[in-house]
Amino acid sequence: MYKEYKTIREVVGPLMLVDHVENVKYDELVQIQQANGEKRVGRVLEINKDVALIQLFESSQGLKISDSKVIFEGHGINLGVSRDMLGRIFDGMGHPIDGGAPIIPDQQLDINGSPINPVARDYPAEFIQTGVSAIDGLNTLVRGQKLPIFSGSGLPHAQLAAQIARQARVLDDSSDFAVVFAAIGTTFEEAEYFIQDFQSTGAIDRAVLFMNYANDPAVERIATPRMAITCAEYLAFQLDMHVLVILTDMTNYAEALREVSAARKEVPGRRGYPGYLYTDLASIYERAGRILGKKGSITQIPILSMPEDDITHPIPDLTGYITEGQIILSRELNMRGIEPPIDVLPSLSRLKDKGIGKGKTREDHSETMNQLFSAYARGKEAKELAVILGDAALSDIDKLYAKFSDEFEKNYVSQGYHTNRDIQETLDIGWQLLSILPKSELKRIKLEYIDKYYLDQKDDNIDGEE
């Protein structure tokens, strides 16, 4: 039931005070109508007795208090959901921007939703193939997991996000798979890149895109990831689909949260972010997962650019506490032309052991993964030693490890943004690399796997050279 008021006291920037209100709720949607018919939209930020503080979704410039009326709509921000959303592009508030017909919704859902009850959660245990070796082979993504990508300003996280969205699939082809992609505070150039990539590769057919631009209001930026997850919840838990949600860039989301918090004159926390940043991020991340008795699932890949490449910054720091691991992009690898520049040693997927092995990927996956980590770490140490003491200081086996490290980055990590490797190919490349080392060095792998997969380098040299 609508409630109308003409009791606007004042407007300061994007904030408006309305007096003498009754039965108004926090987060309620508000419409401001002027005498000339112009309409603006906002939401209730705060209620103090009979005074409501409203955040406008757009500029307050030109708004006349004297002849404006405020209409409280009695509900929060809703998203009309339907299977027809697949293949469509929306703005940050869920309005179609692709020139297509409006969506006829099956339901209207409140975008704030709620995190999944821990008691109702099913354990993530099924492999999702992204086609990216550094993720599939070493930091495996599992259905129902939250696995963020920690990037930095200027690093190619947009290309990696588009690649994962384009290539990701569950190996069980009988299951419907969809991607919900939300660009938060994106530039027009980056948004055009995402849209063109989805459309040119045909990935748009199984995807829903939400585009929030950098010049859109801060309040809309706060709503965009919740729009995406509400859409994903409908597809996953009502239409039984496996949904991968990609949110980029969560740093822009947190900046918008800080802007709104400052407008409300709240006491700031670390680096000016609101003290409830952890709780707010958790209200987004914890809506991913699997539910007992439901066929569908939501897997989430939030992407955030760390300010000044600082992993201790509040946004990556708090994200790391809530999620199950992180994929870290390296500026050094990017400068050396490694694509994608995933730094596998500090990266981690805490649930990787649940999604690999016999019947899921391949029986040798776990042991070869551990051996690759170990060999790469030792190879990097050998290269650092050579920089300080010279190559002459390295033993023959250290030189082999140093060679392994170079070949690993060149052939395993660096695959480009348009190469889609299945898990068998990724594991086979791993064995080609491990075969640079003598069998006696493969101490983390069972002999039966070594006998089955180890390659004779004379017959199968990675570089094709003797």
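Excluded from the calculations below are hydrogen atoms, water molecules and symmetry mates; all remaining heavy atoms, backbone and side chain alike, are included.
Two residues are said to be in side-chain contact when any heavy atoms from C-beta on lie closer than 4.5 Å; Leu281 and Thr319 meet this criterion. With a 4.5 Å cut-off on side-chain heavy atoms, Lys380 and Leu345 count as touching. Two residues are said to be in side-chain contact when any heavy atoms from C-beta on lie closer than 4.5 Å; Glu363 and Lys446 fail this criterion. Under the 4.5 Å side-chain criterion, counting only non-hydrogen atoms from C-beta, Val170 is in contact with Ile128. For the pair Leu244 and Val180, the minimum side-chain heavy-atom distance is 4.5 Å or more. Side-chain contact between Asp353 and Met369: present, with at least one pair of heavy atoms (C-beta onward) separated by less than 4.5 Å. At least one side-chain heavy atom of Tyr412 sits less than 4.5 Å from a side-chain heavy atom of Leu372. No side-chain heavy atom of Val41 sits less than 4.5 Å from a side-chain heavy atom of Met93.
Glu192 is linked by a salt bridge (charged side-chain N to carboxylate O under 4.0 Å, His left out) to nothing, counting only residues two or more places apart in sequence or in another chain. A search for side-chain contact (heavy atoms from CB on, under 4.5 Å) contacts involving Pro314 returns Arg270, Arg271, Tyr273, Leu277, not counting sequence neighbours. Annotation: side-chain contact (heavy atoms from CB on, under 4.5 Å) contacts of Ser395 (sequence neighbours excluded): Ile397, Asp398.
Considering CD1 of Ile77 and CG of Asn112, their distance stands at 7.0 Å, rounded to 0.5 Å. Rounded to the nearest 0.5 angstrom, Asn78 CG and Met227 CE are separated by 8.0 Å. Considering CZ of Phe404 and CD of Glu441, their distance stands at 11.5 Å, rounded to 0.5 Å. Residue Ser405 holds its OG atom at 10.0 Å from CD1 of Ile436, rounded to the nearest 0.5 Å. A distance of 8.5 Å separates CD1 of Ile149 from OG1 of Thr248, quoted to the nearest 0.5 Å. For the atom pair OG1 of Thr186 and CG of Asp249, the computed distance is 9.0 Å after rounding to the nearest 0.5 Å.
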Derivation of the side-chain contact (heavy atoms from CB on, under 4.5 Å) call for Ile445 and Trp431:
CA-CA 11 Å; Ile445 305 177; Trp431 274 104; 3.9 Å; yes

Please step through side chain to side chain donor-acceptor pair (under 3.5 Å) for the pair Thr323 and Arg350, ending with a clear verdict.
CA-CA 9 Å; Thr323 54; Arg350 293 192 181 96; 5.3 Å; no

Pair Glu339-Gln159, side chain to side chain donor-acceptor pair (under 3.5 Å): steps then yes or no:
CA-CA 10 Å; Glu339 297 180 343; Gln159 290 93 315; over 6 Å; no

Between Glu324 and Leu147, does the side-chain contact (heavy atoms from CB on, under 4.5 Å) criterion hold? Intermediate values first, please.
CA-CA 6 Å; Glu324 293 112 15; Leu147 186 63; over 6 Å; no

For a side-chain contact (heavy atoms from CB on, under 4.5 Å) check, start with the C-alpha distance between Thr224 and Asp216, then their side-chain angles and the critical distance, and finish with the verdict.
CA-CA 11 Å; Thr224 302; Asp216 287 331; over 6 Å; no

Between Tyr253 and Ile222, is the side-chain contact (heavy atoms from CB on, under 4.5 Å) condition met? List the steps.
CA-CA 6 Å; Tyr253 169 83; Ile222 291 170; 4.0 Å; yes

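Between the side chains of Ser133 and Arg421, at least one donor N or O sits under 3.5 Å from an acceptor N or O. Between the side chains of Tyr449 and Thr368, no donor-acceptor pair of N or O atoms lies under 3.5 Å. A side-chain donor-acceptor contact under 3.5 Å links Arg143 and Ser297.
Listed for the Thr299 side chain is a donor-acceptor partner under 3.5 Å among the backbone atoms of Gly144. Asp280 places no side-chain N or O within 3.5 Å of a backbone atom of Tyr276 that could act as its donor or acceptor partner. Looking at His75, its side chain never comes within 3.5 Å of a backbone N or O of Leu29 through a donor-acceptor pair. Within the 3.5 Å criterion, the main-chain N or O of Gly202 finds no donor-acceptor partner in the side chain of Arg166. Panel note: side chain Ser414, backbone Ile338; no donor-acceptor pair is recorded below 3.5 Å. Judged by distance alone, the side chain of Arg226 and the main-chain N or O of Asp110 form no donor-acceptor pair under 3.5 Å. No donor-acceptor pair under 3.5 Å is formed between the side chain of Asp343 and the backbone N or O of Ile328. Checking side-chain atoms of Arg331 against main-chain N and O of Ser153 turns up a donor-acceptor pair under 3.5 Å. Looking only at distances, no side-chain donor or acceptor of Ser374 sits under 3.5 Å from a matching main-chain atom of Asn370. Although no hydrogens or angles enter the test, the distance criterion places a donor-acceptor pair under 3.5 Å between the side chain of Ser349 and the main chain of Thr140.
Geometrically, Arg362 engages Tyr453 in a cation-pi contact defined by less than 6.0 Å to the ring centre and at most 45° from the axis.
With a 6.0 Å radius and a threshold of 12 heavy atoms from other residues, nucleotides or ligands, Tyr321 has its OH atom at or below the threshold. Counting non-hydrogen atoms of other residues, nucleotides and ligands closer than 6.0 Å to CD of Glu448 gives a total above 12. Counting heavy atoms of neighbouring residues, nucleotides and ligands inside a 6.0 Å radius, atom CD of Gln424 exceeds 12 of them. Enclosure of atom NZ in Lys399 by more than 12 non-hydrogen atoms of other residues, nucleotides or ligands within 6.0 angstrom is indicated. Within a 6.0 Å radius of CD1 in Ile104, no more than 12 heavy atoms belonging to other residues, nucleotides or ligands are found.
With Phe188 as the partner, the ring-ring contact (aromatic ring centres under 6.0 Å, His included) test is satisfied by one option alone out of Phe194, Tyr213, Tyr193: Tyr213.
Considering every non-hydrogen atom in both Gly80 and Ile103, the closest pair reads O-CG2, 4.4 Å. In terms of heavy atoms, Ile423 sits closest to Gln129 at N-OE1, 3.0 Å. Looking at every heavy atom in both residues, Ile284 comes nearest to Gln300 through O-NE2, 3.4 Å. When all heavy atoms of Thr361 and Gly355 are compared, the pair lying nearest together is CG2-O, 3.9 Å. Between Pro346 and Gln326 the shortest heavy-atom distance is O-NE2, 3.2 Å. Ser366 approaches Ile356 most closely through the heavy-atom pair CA-CD1, 3.8 Å.
Taking 4.0 Å as the cut-off between side-chain N and carboxylate O, Lys383 and Asp406 count as a salt-bridged pair. Glu126 and Arg290 are joined by a salt bridge, as a carboxylate oxygen and a charged side-chain nitrogen come within less than 4.0 angstrom of each other. Between Arg121 and Glu286 there is a salt bridge, since at least one side-chain N of the basic residue sits less than 4.0 Å from a carboxylate O of the acidic one. The pair Arg378-Glu381 fails the salt-bridge criterion, with no side-chain N (NZ, NE, NH1 or NH2) lying under 4.0 Å from an Asp/Glu carboxylate O.
Using cut-offs of 30° and 60° for the angle between ring planes, the Phe90 and Phe210 rings count as parallel.
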